[in-house]
Amino acid sequence: MRRSTVLAVAAAAVSLVALVGCTDDAAPAASSTAPASTPTATVTPTPTAVATPTPTATATATAVATTEGGVIDPEKALALAEKTPYAATQDFTTEGGPISALTRARVNLNGPVRSGRLAESMSAGGTDVIGSGSDSPTVVVTDDGTTYIKSGSSWRTSPLGDRIPDYHGYAKALLALGPSARTGMEDCEGTPCYHLSGTVGLEPMKAVEPEQYKILKGKGVESFQLDQWIDAQGRTVRYDRKTELRGIQVRTHGTFRDFGPVEKVDPPR
């Protein structure tokens, strides 16, 4: 394979990597006026019972998104995640033919703008292509949607605005395949997860990862195999995508961990 071809496939592979108190109103006391000729009986008032408000249970994502047997309802779980942006640490690997790539990132997902910091490295045929270890290129996608890439000591803006895919959108694309995509409950290193799996047509990618869609569309790709594991809060815990790219099987897979609230991502200085 010529180096230019390897680099072209490598570039496409890298693109595959890039992530309720209570208020009780008292009822008015009943009023009756006794006739004047009727002696008024002395009534000892019955003490009024003071109602102790029952604490309102705080609805948790797990309680809403699982059945009594603890099985996750993937549709309800994804509906929860859609309302709650979060941050996560991402560890991804891309493999295929002579290509291998590694991405380590801290990303904000499910918000109006996906943002974060990514460190990437890639090799082709054992030869370093875009850096390795601490020298790997760093990508920063800021909260305003601008993407910066650092290679060496300099920063530059990048036209690739979707280096962090909409993983939530991918899970919804799997659900849209119907019952066949619902593989069921599995254990993800101690976390109960629901496994979704199926062959997804390329068109759904246009909405969740437009730049990647353009690349694969141009290479004649029509579909890809996708496996995704979500937790009871609808967050992606594991992700595994296989794509046939001009005769080469490219696989991107990895995990998300250390979930927390959305973090501020400032532009590099």
Side-chain angles (χ1 to χ4, degrees), residues 1-19 90-105 107 118-132 136-137 139 160 162-178 180-184 186 188-189 193-230 236-257:
M1 180 180 292
R2 293 184 304 170
R3 179 175 177 81
S4 60
T5 302
V6 169
L7 293 180
V9 175
V14 167
S15 298
L16 287 167
V17 180
L19 357 191
Q90 172 187 351
D91 298 284
F92 268 29
T93 300
T94 291
E95 306 162 309
I99 304 303
S100 63
L102 196 65
T103 299
R104 297 288 182 263
V107 292
L118 303 83
E120 300 176 335
S121 60
M122 184 175 72
S123 64
T127 302
D128 182 51
V129 176
I130 61 170
S132 61
S136 62
V139 177
L160 298 177
D162 66 338
R163 297 300 293 271
I164 305 174
D166 179 9
Y167 297 100
H168 183 77
Y170 276 130
K172 292 176 71 175
L174 282 170
L175 274 182
L177 297 177
S180 64
R182 301 175 181 238
T183 299
E186 293 183 15
C188 295
E189 297 185 357
C193 293
Y194 197 95
H195 183 188
L196 298 168
S197 178
T199 300
V200 181
L202 194 63
E203 288 308 306
M205 181 184 280
K206 188 174 184 178
V208 300
E209 203 174 356
E211 289 299 327
Q212 180 62 24
Y213 167 80
K214 292 177 184 177
I215 293 172
L216 297 184
K217 183 78 170 179
K219 297 182 181 300
V221 175
E222 297 180 353
S223 63
F224 53 91
Q225 173 64 34
L226 182 60
D227 288 81
Q228 197 163 347
W229 292 256
I230 62 173
T236 298
V237 178
R238 287 177 59 191
Y239 180 88
D240 193 335
R241 186 171 79 195
K242 301 178 182 71
T243 309
E244 188 78 18
L245 189 62
R246 288 185 173 174
I248 298 176
Q249 180 83 2
V250 178
R251 179 189 178 200
T252 298
H253 60 100
T255 62
F256 293 91
R257 55 184 171 83

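Along the sequence shown, residues carry numbers from 1. It should be emphasised that the depicted structure is a prediction, and the values quoted were computed from it without experimental measurement.
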Student: Under the rule for salt bridge (charged side-chain N to carboxylate O under 4.0 Å, His left out), what residues qualify as partners of Glu186, not counting sequence neighbours?
Tutor: none

Student: Heavy-atom distance under 4.5 Å between the side chains of Pro165 and Val208, does that happen here?
Tutor: no

Student: Minimum heavy-atom separation for Leu118 and Ala105, please, with both atom names.
Tutor: CG-CB, 3.6 Å

Student: If I compare all heavy atoms of Leu202 with all of Tyr213, which pair ends up nearest, and what's the gap?
Tutor: O-CD1, 3.5 Å

Student: Within a strict 4.5 Å, meaning less than it, do heavy atoms of the Glu203 and Lys217 side chains meet?
Tutor: yes

Student: Do Glu209 side-chain atoms and Tyr170 backbone N/O form a donor-acceptor pair below 3.5 Å?
Tutor: no

Student: Any side-chain heavy atom of Thr93 within less than 4.5 Å of one from Arg251?
Tutor: no

Student: Decide if the gap between the ring center of Tyr239 and the ring center of Phe92 is smaller than 6.0 angstrom.
Tutor: yes

Student: Is the closest basic N to carboxylate O distance between Lys242 and Glu95 below 4.0 Å?
Tutor: no

Student: For a quick test of reading the model, state the closest non-hydrogen atom pair linking Phe224 to Thr243 and the distance between them.
Tutor: CB-OG1, 3.7 Å

Student: Would you check if Glu189 and Val237 make a side-chain contact, meaning some heavy-atom pair closer than 4.5 Å?
Tutor: no

Student: Going by the rule salt bridge (charged side-chain N to carboxylate O under 4.0 Å, His left out), which residues pair with Lys206 if we only count those two or more places apart in sequence or in a different chain?
Tutor: none

Student: Using side-chain heavy atoms (C-beta onward) and a distance below 4.5 Å, is Thr103 in contact with Glu120?
Tutor: yes

Student: Closest approach of Ala173 and Val200, non-hydrogen atoms and distance?
Tutor: CB-CG1, 4.3 Å

Student: To the nearest 0.5 angstrom, please state how far the OH atom of Tyr167 sits from the CG atom of Leu226.
Tutor: 10.5 Å

Student: What are the two closest non-hydrogen atoms of Arg238 and Cys188, and how far apart are they?
Tutor: CD-SG, 3.9 Å

Student: For Ser223, give me all partners under side-chain hydrogen bond (donor to acceptor under 3.5 Å, both in side chains), at least two apart in sequence or on another chain.
Tutor: none

Student: Quick one: closest heavy-atom pair of Gln228 and Ala171, and the distance?
Tutor: OE1-N, 3.3 Å

Student: As an exercise, state the distance from CZ of Arg257 to CG of Asp91, rounded to the nearest 0.5 Å.
Tutor: 4.5 Å

Student: Is any side-chain heavy atom of Leu245 closer than 4.5 Å to a side-chain heavy atom of Leu216?
Tutor: yes

